[in-house]
*Asks:* 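Sharing a structure here in structure tokens format.
Residue numbers begin at 1 in each chain, while the letters A, B, ... track the order of the sequences.
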2 protein chains.
Amino acid sequence: MTDSSSPPPAPTVPPAAPSKPRREQIHEVASRLFSERGYHATSMRDLAGQLGMQGGSLYAHIASKDELLIGIVDRAARQFDGALFTLRGDSLPAPEKIREAMHRHIRVVADNMESATVFFHEWKHLSPEAYTRVTNWRDTIDAFYRDLVIQGIREGSLRPDLDPKMTANLILSAVNWAYTWYRPGGSMTPRDVAEKYADMLLGGLQAAPKLAAPEQP
Amino acid sequence: MTDSSSPPPAPTVPPAAPSKPRREQIHEVASRLFSERGYHATSMRDLAGQLGMQGGSLYAHIASKDELLIGIVDRAARQFDGALFTLRGDSLPAPEKIREAMHRHIRVVADNMESATVFFHEWKHLSPEAYTRVTNWRDTIDAFYRDLVIQGIREGSLRPDLDPKMTANLILSAVNWAYTWYRPGGSMTPRDVAEKYADMLLGGLQAAPKLAAPEQP
DNA sequence: ACCCACACCAAACGCCCGTTAGGTGACGCG
DNA sequence: CGCGTCACCTAACGGGCGTTTGGTGTGGGT
């Protein structure tokens, strides 16, 4: 912006500037429609109609309907990845790490309700390669939480009788299921949800932890 | 199976015996296909093919594809209802009641994996009346768990600082999400899953609850 | 023997699907 | 002005969809 000596920056054909807005608009609207109605119940003409164009015109910007789905699901997976895997290096005790992981996980869901919903509902309809890619990726997320529990048991911060697989399942149930009920406009932030969930999960629901003593004052 | 002492029960035209096996077969295969591929990705010709017949022949037994979906979803809802609402009267303390409810809930999911999957995935595609019916029904399930938590707080068996809505959400996350990972042939029975989940939820994941030494000895 | 209900088939209906092909107007550059 | 590019449109393609219609063979009842 400050240089006045150079010529206008190649206005003829931007050589490597494929970041046009229209393609992103299509992906955004597709996320919304796929999450609201489902992949197979959304037609390309529906999608085009929401963008004020005809069905066939979409193909000037995208290659196919499958490609749209793959793009949305991959994007969601990358969001989870980016949020969670920076935690691997941290040296927090396991309970804090679980709390933080739940917070980030729920935040990704909350900030990407539409693509997260598509991710959880439509991954079965991906093309075979994308399908196995997503399946393998999910296994690494499972392993992430499982390892986190194992670490906690080893360091003594988590109960030693925990089943790591089932504990990871329980944590994942809590954070994933949020896509069915969380509403971004509501009164709870993702942090609120994560804090409440982590408090309940780590501390337990029961009132008296183990008061073996007679409770006469 | 019916009765062996009475004469053959009106063999000419069973006047009100619509419980033919074929209709049930169709519903069963439809449950399987809808749960595996999704409602919109399953065609009536697919369904008929699995039963060794032509697409049009289905309509001698059923009225429409929508009716099939409604039947499957309603059946699943009735299973949950029958399992949970007999608990309303019981006078157990809340932790036992939560444990038992989770057990029954997970057992319904495990014993009806296919229709439960259809229920959780395809309820958005129901006809408007069935849609609102299912939505309202889900609210009553939410309320059931919420009331259960409120009861526990009142009677002092659950932590007084619990948010009943969020606690019910957490319990429902655990038991509902089971449809995504539970496999009936595996090593865990629904009871095993429910016991582990209830232990973790009620008792908490953390090792040392809070070594009771707030006062100086 | 007749009859009729039954379970199913073969073919078609109208409609919508994802996708492609060719055309049209606007715009910026030489 | 001429040219190319871009975003989009109109129209169509082949095919699959849910569903309907008019048979056809079979088997038990009278």
Side-chain angles (χ1 to χ4, degrees), chain A residues 6-30 33-34 36-72 118 122 125-128 130, chain B residues 7-30 33-34 37-72 118 122 125-128 130:
Chain A
S6 63
T12 53
V13 174
S19 65
K20 292 271 179 73
R22 206 59 204 236
R23 169 174 253 268
E24 287 174 27
Q25 279 180 45
I26 294 175
H27 272 76
E28 279 167 25
V29 177
L33 292 188
F34 290 175
E36 284 173 2
R37 318 180 185 178
Y39 177 68
H40 284 290
T42 304
S43 76
M44 296 305 271
R45 287 171 178 87
D46 289 342
L47 175 53
Q50 296 269 322
L51 287 151
M53 52 203 287
Q54 297 296 113
S57 308
L58 291 169
Y59 292 85
H61 306 279
I62 62 161
S64 69
K65 197 186 178 184
D66 297 271
E67 185 219 70
L68 266 182
L69 179 59
I70 292 177
I72 294 167
V118 175
E122 314 290 353
H125 303 121
L126 290 167
S127 63
Chain B
T12 53
V13 174
S19 65
K20 290 273 178 70
R22 207 60 205 239
R23 170 175 253 268
E24 287 175 27
Q25 281 180 44
I26 294 174
H27 271 77
E28 281 167 23
V29 176
L33 292 188
F34 289 176
R37 317 179 185 179
Y39 176 69
H40 285 289
T42 304
S43 76
M44 295 306 270
R45 287 169 179 88
D46 289 342
L47 175 52
Q50 297 267 323
L51 288 151
M53 52 204 288
Q54 297 297 113
S57 308
L58 291 170
Y59 291 83
H61 307 279
I62 62 160
S64 68
K65 196 186 179 186
D66 297 88
E67 185 221 71
L68 267 181
L69 179 59
I70 292 175
I72 294 168
V118 174
E122 314 290 352
H125 303 120
L126 289 167
S127 62

*Asks:* Round to the nearest Å and state the distance from B/Asp46 atom CG to D/dG16 atom P.
*Replies:*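 About 11 Å, once rounded to whole Å.
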*Asks:* How close do B/Thr42 and B/Lys65 get, heavy atom to heavy atom, and via which atoms?
*Replies:*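 Looking at all heavy atoms of both residues, the closest pair is O-NZ, 2.8 Å.
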*Asks:* Distance from A/Leu126 atom CG to A/Ile72 atom CD1, nearest 0.5 Å?
*Replies:*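 Rounded to the nearest 0.5 Å, the CG-CD1 separation comes out at 10.0 Å.
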*Asks:* Taking only the side-chain nitrogens and oxygens of B/Tyr59, find out if one of them lies under 4.0 Å from OP1 or OP2 of D/dT20.
*Replies:*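 No.
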*Asks:* Within this structure, what is the NE2-to-C1' distance between B/His61 and C/dC6, rounded to whole angstrom?
*Replies:*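 In whole Å, C/dC6 C1' and B/His61 NE2 are 9 Å from each other.
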*Asks:* Specify the separation, in whole Å, of atom CD of B/Gln25 and atom P of C/dC8.
*Replies:*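 Interatomic distance, CD of B/Gln25 to P of C/dC8: 9 Å.
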*Asks:* List the protein contact pattern of nucleotides 10-15 of chain D with one symbol per nucleotide (5' to 3'): B for base contact, S for sugar-phosphate-only contact, - for none; contact means a heavy-atom distance under 4.0 Å.
*Replies:* B-B---
*Asks:* Any side-chain N or O of A/Ser43 under 4.0 Å from OP1/OP2 of C/dC16?
*Replies:*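 No, no such contact exists.
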*Asks:* For the pair made of CD1 in B/Ile62 and C1' in D/dG18, what is the distance, rounded to whole Å?
*Replies:*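 Rounded to whole Å, this separation is 10 Å.
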*Asks:* List the atom of A/Leu68, the atom of A/Phe34, and the distance in Å for their closest heavy-atom pair.
*Replies:*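 Reported closest heavy-atom pair: CB-CE1, 4.4 Å.
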*Asks:* How many whole angstroms separate atom CG of B/Leu69 from atom P of D/dG18?
*Replies:*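 Rounded to the whole Å, the gap is 13 Å.
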*Asks:* Please tell me which of the listed nucleotides, D/dT19, D/dC8, C/dT19, lies nearest to the side chain of A/Met53?
*Replies:*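 The listed nucleotide nearest to A/Met53's side chain is D/dC8.
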*Asks:* Out of curiosity, A/Met44 CE to A/Leu33 CG, how far, rounded to the nearest 0.5 Å?
*Replies:*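 One gets 11.0 Å once the value is rounded to the nearest 0.5 Å.
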*Asks:* Give a yes/no answer on whether the side chain of A/Arg22 brings an N or O atom under 4.0 Å of OP1 or OP2 in D/dC8.
*Replies:*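 So the side-chain polar atoms of A/Arg22 do come within 4.0 Å of the phosphate oxygens OP1 or OP2 of D/dC8, strictly under.
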*Asks:* Over 60° means perpendicular and under 30° means parallel, so classify the ring planes of A/His125 and A/Tyr39, tilted if in between.
*Replies:*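 Geometry flag for A/His125 against A/Tyr39: parallel rings.
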*Asks:* In whole Å, what is the span from the NZ atom of B/Lys65 to the C1' atom of D/dT20?
*Replies:*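 Result: 17 Å.
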*Asks:* Name each donor-acceptor pair under 3.5 Å that joins a side chain in residues 46-58 of chain B to protein atoms two or more places apart or in another chain, with its distance.
*Replies:*
| from | atom 1 | to | atom 2 | distance (Å) |
| --- | --- | --- | --- | --- |
| B/Asp46 | OD1 | B/Ser43 | OG | 3.4 |
| B/Asp46 | OD2 | B/Arg37 | NH1 | 3.3 |
| B/Asp46 | OD2 | B/Ser43 | N | 3.2 |
| B/Asp46 | OD2 | B/Ser43 | OG | 3.4 |
| B/Gln50 | OE1 | B/Arg32 | NH2 | 2.3 |

*Asks:* Taking atom P of C/dC17 as reference, at what distance in whole Å does atom NE2 of A/His40 sit?
*Replies:*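 To the nearest whole Å, that distance equals 14 Å.
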*Asks:* Nearest whole angstrom, please: distance from the P of C/dC15 to the CE of A/Met44.
*Replies:*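 Rounded to whole Å, this separation is 23 Å.
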*Asks:* Which residues pass the ring-ring contact (aromatic ring centres under 6.0 Å, His included) test with B/His61, not counting sequence neighbours?
*Replies:*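 With sequence neighbours excluded, B/His61 shows a ring-ring contact (aromatic ring centres under 6.0 Å, His included) to no residue whatsoever.
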